[in-house]
Amino acid sequence: MTSSSPDPAGSIAGADGHPADDLLASYATGRAGGVAVWSVEAHLTSCARCRTTLAVYADAERLARNQSVLLVRIALPEGGRMRRLLCRCGIPDDMLHLLAATPSLRKSWLLSVAGVLAVVAGEAVAVRYGWISAGSPAGAFSGHPGPAVLVPFLLVAPLLVLAGVAAAFLPMFDPAAQLAVAAPFSGFSLLLIRAVSALAAALVPVLAAALVVPGPGWLPVALLLPTLALCAFALAAATLMEPRAAVATAGALWALPGLLLAAAHTPLLIVQGNAQLACAALLCASALVVLVRRNRFEMGWTR
Amino acid sequence: MDEMTANVSTAAVRADGLSRRYGATRALGGVDLGLERGITGLLGPNGAGKTTLLSILATVNEPDTGNVSVFGLDPRDAAERVEIRRRLGYLPQELGYHRHFTVAGFLGYVAILKEITDRRRRAEEVAKVLAAVGLEARARTRIRALSGGMRQRLGIAQALLGQPALLILDEPTAGLDPEQRLRFRELLSELPGNPVIVLSTHQADDIAAICPQVVVLLQGQVRFAGTPAELAAAAAGHVWTAAERHPSAHVSWRGGDGRWRHIGDSPPAGAEPVAPTVEDGYLLLSHAAGTR
């Protein structure tokens with residue numbers, strides 16, 4: 001070597017300025033340690049002769065295996081910015097990988113939810129600014145546009161969250177559901193991870209839209225409990241009946257009273273007073289059923 | 001049948017009296033089965049109950065009656081069921097994929113479900129199974145861009161993750177070309193750890209080529225359990241070839257040489273008896289069971 005910089009292999013170089021063959025052999029088999037490894041590697045970058053010598057000692061199978069592992073590690077999804085951000089927040093990477101299989105956490109799904117919310121909330125906003133004529137004010141809500149304008153939002157918003165949670169556990173949305181059932185990873189844990197994540201992801205745009213719609217200021221908070229109760233009920237019912245029927249029942253449990261109250265011009269009663277108490281009771285009862293019957297989620301949906 | 005019963009009682013994977021109905025349809029009717037380490041082929045027509053049986057052994061389905069024991073573990077017990085699943089590799093008959101995943105991403109997902117949470121170990125396992133099925137070059141390919149054969153190989157790869165002690169493969173060679181089927185046979189023969197492997201197939205030549213043991217399932221019941229040679233021998237004296245088709249034969253078809261191959265009770269005049277194959281034995285059993 002004729003470089004003007006100090007020879008990085010100086011401490012291990014033989015009389016000819018190259019590492020000894022036994023050192024190259026130990027490097028090739030991974031037995032060399034510490035400074036010796038660095039020195040050899042620095043020397044190899046500029047010495048074709050030693051690279052050729054090294055090839056004699058290299059374990060081809062190990063090299064091929066390492067190459068495969070390297071390629072796979074490149075291919076294993078590091079994820080986009082959101083995934084890296086969530087990793088930095090302490091969420092384990094393998095959990096994020098499980099969530100990547102949840103359709104209601106994909107960008108396309110969330111954009112669809114945002115789109116629907118934009119339509120229903122946009123309609124209410126349009127009434128607020130007089131772009132669309134409003135219904136007559138009533139009772140405690142004078143000063144706001146008629147509560148009838150909130151009907152589409154009140155009906156749709158919790159159902160959007162329910163749809164997201166349903167997509168997280170219904171087998172029809174998981175093409176590899178049988179593999180998940182046959183795997184040792186707890187089916188109940190997997191369901192909770194996905195359902196809670198889908199719930200949170202859908203709640204954010206819903207509550208944001210609730211802040212925008214021209215309703216009472218307490219509307220976003222008032223929507224929270226019924227939405228949670230609806231999703232918990234769907235999960236609980238899925239332990240007792242066919243999962244799609246459970247989700248449909250939960251949807252009907254919200255839509256029918258909502259439509260009836262809308263017909264009676266009192267749509268906001270569905271998120272007030274007694275309704276909140278009923279939702280709290282339903283949430284507690286559903287959570288208990290899910291906990292007691294959690295083994296149902298370990299066996300798939302074959303019965 | 002007594003020898004079969006005796007083998008069931010000491011087998012690594014045992015099924016005793018399994019029955020399963022779907023509404024009015026009886027999928028399994030009192031199946032007794034014993035599987036040892038090595039490869040067992042499960043042969044039967046569509047609707048014979050193969051998929052139901054395999055799904056029960058894979059703990060993704062429950063029998064109406066009967067017991068299953070996998071390495072001494074009972075899948076009805078929640079903790080033991082998880083333990084079975086830790087030792088299990090399963091390829092369902094109709095496996096769907098998350099099409100937005102890459103090949104390596106999907107295998108990484110399944111590896112996590114198999115509790116391979118360490119990232120480095122997961123990468124090593126994924127690399128190993130990719131190499132085993134010849135999909136290393138496709139690690140970064142989206143699943144939606146794969147051909148049917150590649151997806152089938154991917155399905156086999158995910159079943160191999162974690163070096164399972166019990167490998168259940170439902171129609172693993174469907175969609176594979178002859179070269180890939182040959183490679184699949186070699187792959188199964190070289191699996192480390194001598195696992196219990198059971199695979200279902202319609203292809204009698206797959207059975208003959210790779211399965212030391214074969215079980216024939218017809219109309220939800222086990223009609224034969226033994227070696228491929230014994231299955232072929234069951235048709236001894238019942239197989240012949242002739243220049244013409246004979247109406248008294250149970251099954252007839254024209255071979256590539258232009259002669260008719262017959263399976264039946266008695267050869268017609270001028271027919272030449274031939275050595276039976278595994279397929280002949282299977283067809284004869286099917287006819288006896290009334291499925292042909």
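Quick note on labels: first sequence line is chain A, next is B, and so on, each numbered from 1.
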Novice: Select one option (side chain, backbone, both, neither) describing which atoms of B:Leu88 are under 4.5 Å from chain A's heavy atoms.
Specialist: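 Just the side chain, heavy atoms under 4.5 Å.
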Novice: Suppose we screen for side-chain contact (heavy atoms from CB on, under 4.5 Å). Which residues come up paired with A:Ala163, at least two apart in sequence or across chains?
Specialist: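 In terms of side-chain contact (heavy atoms from CB on, under 4.5 Å), with neighbours along the sequence ignored, A:Ala163 is linked to A:Trp109.
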Novice: Side chain, backbone, both or neither: which part of B:Gln158 has an atom under 4.5 Å from a heavy atom of chain A?
Specialist: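 Interface part for B:Gln158: side chain.
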Novice: Any side-chain heavy-atom pair from B:Leu113 and A:Leu98 closer than 4.5 angstrom?
Specialist: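 Yes, close enough: below the 4.5 Å cut-off.
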Novice: Which one of A:Ala100, A:Ala177, A:Ala180 has the most heavy-atom pairs closer than 4.5 Å to chain B?
Specialist: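 Most pairs with chain B among the choices: A:Ala100.
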Novice: So, the side chain of B:Arg85 versus the backbone of A:Val181: is there a donor-acceptor pair under 3.5 Å, distance only?
Specialist: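 Checked: pair present.
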Novice: Would you please go through residues 286-295 of chain A and name the residues with a non-hydrogen atom below 4.5 Å from one of chain B, in numerical order?
Specialist: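 From residues 286-295 of chain A, the residues near chain B are A:Asn295.
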Novice: At a 4.5 Å cut-off on heavy atoms, which part of B:Arg81 comes close to chain A: side chain, backbone, both, or neither?
Specialist: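 Just the side chain, heavy atoms under 4.5 Å.
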Novice: How close do B:Ala58 and A:Ala182 get, heavy atom to heavy atom, and via which atoms?
Specialist: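 Shortest heavy-atom separation between B:Ala58 and A:Ala182 comes out as O-CB, 4.1 Å.
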Novice: Who wins among B:His100, B:Arg99, B:Arg86, B:Glu94 for the most heavy-atom pairs under 4.5 Å with chain A?
Specialist: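 Going by pairs under 4.5 Å, I would pick B:His100.
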Novice: Please look at B:Val82 and chain A and tell me whether the side chain, the backbone, both or neither of the residue comes under 4.5 angstrom of a heavy atom of that chain.
Specialist: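 Contact with chain A is through both the backbone and side chain of B:Val82.
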Novice: Quick one: what part of B:Ile84 sits under 4.5 Å from any heavy atom of chain A, side chain, backbone, both or neither?
Specialist: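 Neither part, no heavy atoms under 4.5 Å.
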Novice: Anything under 30° is parallel, anything over 60° is perpendicular, the rest tilted; go ahead and classify A:His97 against B:Phe101.
Specialist: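 Ring orientation of A:His97 relative to B:Phe101: tilted.
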Novice: Taking non-hydrogen atoms and a cut-off under 4.5 angstrom, which of residues 162-173 of chain B neighbour chain A?
Specialist: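 Counting heavy atoms that sit under 4.5 Å from chain A, no residue of residues 162-173 of chain B is involved.
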Novice: Among residues at least two apart in sequence or on other chains, which ones pass ring-ring contact (aromatic ring centres under 6.0 Å, His included) with B:Phe106?
Specialist: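 By the ring-ring contact (aromatic ring centres under 6.0 Å, His included) rule, B:Phe106 matches B:Tyr97.
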Novice: Apply side chain to side chain contact (heavy atoms under 4.5 Å, CB included) to residues B:His98 and A:Asp174 and explain how you reach the verdict.
Specialist: CA-CA 8 Å; B:His98 300 276; A:Asp174 184 357; 3.0 Å; yes
